[in-house]
Amino acid sequence: MTKAQQLATAFTAAAVGWLLGLAGVLPLSETVRTQIWPVLPLLLVVSLGSYAFINIGYNLLVFRECPEAYHELMQEIQEAKDDLRTKNVDIA
Amino acid sequence: MSQVNDKAVGAALLAIGSFVFAYYSIWTLVIPFVDEDHQARQLFPPQWFAVAIPVFLLAVGITGIFGFL
């Protein structure tokens, strides 16, 4: 079973469970059934969106810049340019 | 290339994401159980908006995306 099939199965199961709750089959209190249960898919979408924000934001925050690697790379670029210039290939 | 610091953008995204998640979760899961005259209710708009705002944003977003396809 591929990841897509797993995801589709889980999603379908959740959808059926949610529809059953809406139809009144599940033992839910009146407040939950009318106020909270119908909003659950929206809560899911909002949660996914904020999870994406938090994930990207956190990784941007802790991303470590590597000055040593940067300088080493610039030096290698310079060496490559000089080397090519001796072979009559002109790169700015 | 703007001079906006990457870390500042990251911190802003993190703050917005956390706030939206916490606020919306409390709005939809906790407030329905709170009495009408509790002062906590004044921090949140009526429940109708808890559905209207995300649905509206989704409609605008999906229309925008499909408008460019």
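Below, read A as the first sequence line, B as the second, and so on, with proteins coming before strands; counting in each chain starts at 1.
Around CD of B:Gln39, the count of heavy atoms belonging to other residues, nucleotides or ligands within 6.0 Å does not exceed 12. Within 6.0 Å of the CD atom in A:Gln6, the count of heavy atoms belonging to other residues, nucleotides or ligands exceeds 12. For B:Phe33, the CZ atom sits in a packed shell: over 12 heavy atoms of surrounding residues, nucleotides or ligands are nearer than 6.0 Å. The number of heavy atoms from other shown groups lying within 6.0 Å of CZ (B:Phe44) is above 12. By the neighbour-count criterion of 12 heavy atoms within 6.0 Å, atom CD of A:Gln75 is sparsely surrounded, having that number or fewer from other residues, nucleotides or ligands.
Placement of A:Leu73 and A:Leu84 in two distinct hydrophobic clusters is found when ILVMFWY residues are connected by side-chain heavy-atom separations under 4.5 Å, directly or transitively. When the side chains of ILVMFWY residues are joined at heavy-atom separations under 4.5 Å, either directly or via intervening members, B:Leu43 and B:Val34 end up in a single hydrophobic cluster. If you chain together hydrophobic residues whose side chains sit under 4.5 Å apart, B:Ile16 and A:Leu61 never meet in one group.
Rounding to the nearest 0.5 Å gives a distance of 11.5 Å between CG of B:Leu14 and CZ of A:Phe53. Within the model, atoms OG of B:Ser18 and CD1 of A:Ile54 stand 4.0 Å from one another, a figure rounded to the nearest 0.5 Å. Atom CD1 of A:Ile56 sits about 6.5 Å away from atom CG of B:Leu13, to the nearest 0.5 Å. Between the CG atom of B:Asp6 and the CG atom of A:Asn59 there is a distance of 12.5 Å, given to the nearest 0.5 Å. Residue B:Ile31 holds its CD1 atom at 10.5 Å from CD1 of A:Ile36, rounded to the nearest 0.5 Å. The OH atom of B:Tyr23 lies 14.5 Å from the OG atom of A:Ser50; values are rounded to the nearest 0.5 Å.
Only the backbone of A:Phe63 comes within contact range of chain B, judged by heavy atoms closer than 4.5 Å.
Contact annotation: the side chain of A:Val39 approaches that of B:Tyr24 to within less than 4.5 Å [non-hydrogen atoms, C-beta and beyond]. For the pair A:Val46/B:Phe21, no side-chain contact is recorded, criterion being any heavy-atom separation below 4.5 Å from C-beta on.
Minimum interatomic distance between A:Thr31 and B:Pro32 (heavy atoms only, all atoms of both residues): CG2-O, 3.9 Å. What you find for B:Pro54 and A:Leu42 is that their closest heavy atoms are CB-CD2, 3.7 Å.
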